[in-house]
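Reviewing the structure listed below.
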Amino acid sequence: MSANGNKNEEGKERIGVYVCHCGSNIAGVVDVKDVAVWAKEEMGDEGVVVARDYKFMCSSLGQELIENDIKELGLTRVVVAACSPHLHEQTFRTAAERAGLNPYLSELVSIREQVSWVHTDKVKATEKAKAVVAGGIERVIQNEPLEPLRVPIHPATLVVGGGIAGIQAALEIADAGHKVYLVEREPSIGGHMAQFDKTFPTLDCAACILTPRMVSVGEHPNIELLTWSEVERVEGYVGNFSVTVRKRPRYVDTELCTGCGICWEKCPKKVIDEVFEVGIGYRTAVYTPFPQAVPKYPVIDTETCIYFQNGKCKACEKLCPTGAIKFDQEEEIVLLEVGNIIIATGFDLFDARRIPEYGYGRLANVFTSAEFERMCNAAGPTDGEVVMRDGVSKPASVGIVHCVGSRDRNYNNYCSVICCMSSLKFAHLVKERTGAEVYNFYIDMRTAYKDYDEFYQRVMGEGVLFVRGRVAEITDATRSPGEEGKLVIQVEDTLAGRQRRIPVDMAILAVGLEPRADAKEVAKKFGISCSAAGWITEKHPKLDPVATMTEGIFIAGAVQGPKDIPTSVAQGAAAAARVLSRISRGEIYLEPIRATVNAEMCSGCRICNNLCPFNAIIFHEDLMVSEINHALCQGCGTCVAACPAGAISGTGFSNEQVLSQIEGLLEFSFAEEPVLMEMTPA
Amino acid sequence: MSEQFEPVIIGFTCNWCSYRAADMAGTARIKYPPNVRLIRLMCSGRLDPTFVLKALSGGADGVLITGCHPGECHYLEQNYKALRRYLLLRRTLAQMGIEPERVKLVWASAAEGVRLAREIGVFVDEVRDLGPLRWPTSLPAVHAEEAKMMEEVAA
Amino acid sequence: MNKYLFYPGCSMPRSARPYYDSLMAIKDDIQIDLDEIDDWNCCGATEYWSVHQLKAHALVGRNLALAQQKANGSNTLVAGCSACYLNLAKTANYMRDDPQLNRQITEALAAGGLSYTAGSLEIRHLLDIIYNDVGLETIRSRVVRPLTGLRVAPYYGCMIVRPDPDNRYGNPEYPTALDKLMEVLGATVIDFPQKTHCCSGHMTQISPDVAYELLHRLISGADRYEADMMVTLCPMCQLNLDAYQGDMNTYYNTDYYMPVLYFTQLMGLAFGHDAKELGIGREFVDARFALAKIGVEVPAEDSPAQPKPRRRKKEQGLPMPRMGEEEQ
Amino acid sequence: MSDNGKPKFAMYWAASCGGCEIAVLNINEKILDVDANFEVVFWPVAMDAKYKDVEAMPDKSITLTLFNGGIRNEENEHLARLLRQKSQILVAFGSCATEGCIPGLANLSSTEQIFAAAYDSVSTVNPDGVRPEYAYDIPEGELYIPAFYPVLKTLDQVVDVDYYMPGCPPESHQIAAVVDLVIKALHGEAELPPKGATIGAGMSTVCDECGRKRHVKKVKKFVRIHEVEEIDPELCLLEQGILCNGPATREGCGALCPSAGAACIGCYGPAQGALDYGARLMTALASVIDSNDPEEIDSILDGIVDPVGSFYRFSLPHSLLRAAKPAWTNGSR
């Protein structure tokens, strides 16, 4: 008898049933022998020709058992009753395939996670196990042989977001010799890291380690940099996405501009820089966010530019030595073809104004961590001087408040991960630059990871004071001469067990990390999902942190959740590696769980057209039928369930499979006497 | 019935959340009554009311539908489609004289093994209180029974 | 015309007469109809609760029952005094949420031939209905004499914002309802740091030095911001700040001069009512000079020394963070 | 019985309205082909015949039997079994025989409720409140009238059916086509479809034949047709919030109702292979509700005033549940 698809005499499938003991994990509760015997005897009519029980089905011996039966008994279907499909479905499919049976003609049903591990009554458990097996048998009869889908991969990659994570990912892929498009919303790449002065715990200068990376991105032959640009639309699917990017006009001809800087030196219009200088520094109307910006070309901010506002000035145009200023420049729409996408759009900072009792925005000398970062930066608004809001006087005492907007049920429940360490960094910098007395107000110190706790020890050694407790209020309402003219930090010192009022000159709020304000739109745009808060959901929290549920779209850095620099860099590299492996394979295989429209039965009612979040359903106006793009289809089956004409079928989970499984599961419904209806005629 | 009635319940689970929650309940050895028999779908959005009617007409006393929490659907928003169908189906069932409470929709994330187990326990009790459904179409007897009865009256 | 049930409480007809008068003066301007409940009794103030919880609840229960009896088509019971508001609300909510307490009080009321259906009344403070029901737009439209140039310290006290589950006055930690109301009247509102701090309640009776400490915090705070006056919404706050300011000055050997008026009085002024009609002039710390500053004449006999005006220095150095646009 | 060698034709009505017979006569001159090609041996509506004549016929002697009407009582079932025995081709003809149709809606009520409606309601003049007995004592002895079944059944729920022909009634042009086909088959000029097939109808649904413009569906409210001020004559009715069964109903009628501005009510039954007609409608309509908020969804669903009536108007006895609890339990439970 040949190994494939030979049905027995009555044209029935030839089914093998294999019940696993899993040591005592299953056999301890379920009478596996009984189940096997029952399957052979009771389910014979369904086509069961062999039923065995075995200690460990997943073991090589167990698999051989199945393979031999397939070959020798010419099985056409296999049901394994063991653990969860999420554990061993692949194992047994591969076994079936080795024996020459289409892998999708095997079915693994769980009698461990769903029976032996969760039930105690052996009789009932065994009965349920039989029902589960019956369900598997009825289902497998309906299974069809399937082939995985092969999709070719376009070698170019899109990286969205030019922060450290995006930069890392772009460089990894470009260095491997593949084309990368790096799209950045701001005029320059660099992200938050470019704003910092020092990085914890090593205190090496952020610019010194970041700038070289930025430069190599700018110069890399394989990287096409699109700054001052945003992704508008994403179409297509894994392997070949077509992405529309909107390039805002710089009003500077990058062909001619040399980045000499005359324009911004001469620009008469000074405005507060709300983005890079987070509101405590100034820039001109024509500007690059910071000196080492990549690309070096400035942009003109039409909101503030005198010429754009009232048609006069044009100073930059007059003075530009290369005539690069182009007021008539218009926005460009760029179309990109890529095979994979890495999203590294990072995070926003919690807006400290939302906690009025901390006085940010009302009390001059309350600063946010971002403001302080800029203040410490040698290239920042105070040339690295730590000063109070008046811009001159140095603080004699500074209070650093942790967990502002984090671990707080009124705002965000989660821990923002980086604040403890950056607060320690601030404490150190304040000490170093002002010798001021420094208090850290913390809930718990979280200094996991390499050299972090050592840094904590070091900062403590520097005489920084730590008060354990949530700050209740920061106020200028003083009560004693000692508090006069100072900010008073009211806090419950939970170690001393009492309320304390600590007067300081300056308070720094270590604000938490939040998802980008537009995270949800971005997720929708790329067809990926995000948590209620807005952090992008990874494919698996432990085993697949840089992939998303959508094939071909990866994530790196804080877009997935609060992260420090090393982790973001690692993720950037990891995402790049995932992309590279696909590119080198040239094509990928997708689970063939897909929906298909039977054009003959489709009436073109368009009920299904709106149901696919992946836009896999196309409607052909001319033929008046809908069609499903298999590469886009993720196999959820929503359209299958919705089609009023039953014209859409779903492989892997067809109506026949599910309905038969229901029948199987219910074969044991009649434990006690059925309630008969009275049918006496009137 | 002398001993307490043990309802038979068919449960539909989402491959990404509730099925994994069930796995988790197992791995954590959390006990729940054996009355529920689970079917794995790729998504609660795959749930076709036909399945529920099939289960009820086939002898199930209750049907449990589970899916990812709103906003957390693996397929972005398909669990909402399940919700819409569920709400309409309940109305139809009520008109057919079937207590809508026999069909229940529960959101359970992959992390909520404990919760799923608890919800199953609760639902089993709820259905037990409702008593057996035993829809006549599920009784092998039904046609024979009818025929027999007809002969009797004819005789 | 919004209809409300009204519980004046013991202070309004007496010590807080100006509050009552000014409210009566403006209620037509802002189209509110306050229907005073008959034969109301003490709200238990702050003491009785520490004497006997259940009795205190029953005491308030009677007021609720009477209010329900009144049934003037409104199910909102308004109190002007923060203590009254808090006590009424406390009992109303507890009766709604605690069946046992509800049963006990219902029994007690029945003994007096009264009854109250738990959950049938909504208890709200006067500021709440003026800010949320009447609304700033209506109020703005009534202003005929803006209080331009008057620096006021908005003082909420502790009782209406704690708890404030539905954020009726903005952020409970930092309410802004009264601030906005005063701005609408044209006044300059200072960022008063102690806006929700304690007025010392009955400490003035129990241990004055504690009271003086607390009062000093408030008054010095308002003074540091060069407020011309404090504006309040609670008779007890007003009484403490006003009547004990002198003793506080003596105690600390200071010379603070901080008039304290009710927000309804300032509304009245802005609406063009005459100062006397609003009960202005009855306060201990004379509000005349402050009001003279904005051209409101109050006939007066003796005139104590007028506090000297001060100027604030301009901000320079690093720019302040921009505050988001004020909502509504 | 005379035997002119012509293939024999029979048509019987069980629980039905007779519309199916009218539809057959509506094929106009084609009826002559029927006469030319068949010998009509049994057709109570058209000619006199006795059951015993049929009983006397040899098994499988009738070539084609069109059976319309559902199985409501003992007599219906008796004739169904009899004709099955005597016929080569038994066609469940029309909605009643295939799915139960309007008489099937009685499966929502107990026998008692049905009788009450029939004998005691205002529409009936029955001063003495007479109810039919099952057995009568008469001088000649005891007389039975056919027992009334608590639940109406479809033809294929009592006997084996060769073909199904949906429609209430089946469209005359479809009948004509089928007649042609059978005749051709008899002359060996055509193949009969496989047993169990649905004939005289298409594979897809009414929308396929409907001329109305349709777009992506997003339903914010369901309304009944009289609640719409002005019906857009061009636009898909469902998109105007009008409950139209077109998407789930088998094509074959030529989308008569929708093109006339009335919603499809589903007389042609489910599309090929659909197990439960109502479920298909429920799932489709619910899926396109434009809301994710349970309260809002519920308020939108309030627009569907009679779910079972709308989704199972013609197919209740053939649905998975077949009948509502009162019918099954005969009102006693």
Side-chain angles (χ1 to χ4, degrees), chain A residues 142 520 524 529 532 595-613 615-626 636-650 654-660 662-663 666 674-682, chain D residues 73-74 110-112 114-115 131-134 146-151 202-210 214-219 236 238-239 244-251 255 270-275 277 279-288 290 325 327-333:
Chain A
Q142 304 294 339
K520 288 192 169 66
K524 211 162 171 46
S529 56
T596 315
V597 177
N598 174 336
E600 194 188 350
M601 292 178 68
C602 174
S603 68
C605 68
R606 307 199 64 177
I607 290 276
C608 61
N609 289 191
N610 194 32
L611 302 182
C612 182
N615 309 319
I617 305 178
I618 323 123
F619 182 68
H620 299 290
E621 291 282 355
D622 47 348
L623 307 164
M624 290 301 264
V625 291
S626 297
C636 70
T638 303
C639 58
V640 182
C643 179
I648 308 179
S649 56
S654 67
N655 289 338
E656 296 70 21
Q657 284 169 302
V658 178
L659 291 168
S660 308
I662 295 174
E663 277 176 14
L666 288 174
V675 187
L676 289 180
M677 48 179 187
E678 311 83 54
M679 297 272 298
T680 44
Chain D
N73 62 27
E74 211 179 342
S110 69
T111 309
E112 176 47 38
I114 296 170
F115 281 17
R131 286 292 184 88
E133 298 292 323
Y134 172 60
F148 182 89
Y149 293 176
V151 170
M203 285 274 287
S204 186
T205 68
V206 172
C207 299
D208 205 41
E209 300 176 314
C210 179
R214 69 226 34 197
H215 314 82
V216 168
K217 302 268 184 297
K218 281 186 177 178
V219 178
C236 166
L238 195 50
E239 287 170 39
C244 178
N245 292 6
T249 308
R250 189 186 280 269
E251 73 181 311
Q272 187 69 40
L275 188 57
Y277 174 79
R280 301 257 49 75
L281 269 170
M282 276 188 265
T283 186
L285 295 176
S287 300
V288 295
D290 187 18
K325 203 157 197 169
W328 286 120
T329 57
N330 211 350
S332 66
R333 218 195 310 159

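Quick note on labels: first sequence line is chain A, next is B, and so on, each numbered from 1. Quantities reported herein were computed from a predicted structural model and do not represent experimental measurements.
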A:N655 side chain near D:L275 side chain, heavy-atom distance below 4.5 Å: no

Quick check on [X] against chain D: is it the side chain, the backbone, both or neither that has a heavy atom closer than 4.5 Å?
{"X": "A:A645", "answer": "both"}
{"X": "A:C643", "answer": "backbone"}
{"X": "A:C639", "answer": "neither"}
{"X": "A:L611", "answer": "side chain"}

When [options] are compared by non-hydrogen pairs under 4.5 Å with chain A, the top option:
{"options": "D:Q272, D:H215, D:R131", "answer": "D:H215"}
{"options": "D:V206, D:V216, D:T249", "answer": "D:V216"}
{"options": "D:A286, D:A284, D:A271", "answer": "D:A284"}

Greatest number of heavy atom pairs closer than 4.5 Å to chain D - which of A:T638, A:I607, A:N598, A:L659: A:I607

Heavy-atom pair of closest approach, residues D:S204 and A:E600: CB-O, 3.8 Å

Contact summary for A:S603 and D:D208, nearest pair of heavy atoms: CB-N, 3.5 Å

From D:R250 atom CZ to A:M601 atom CE, the distance as rounded to the nearest 0.5 Å: 8.0 Å

Sequence-distant partners of D:E239, salt bridge (charged side-chain N to carboxylate O under 4.0 Å, His left out), two or more places apart: D:K217

Contacts of type salt bridge (charged side-chain N to carboxylate O under 4.0 Å, His left out), residue A:R606, not counting sequence neighbours: A:E621

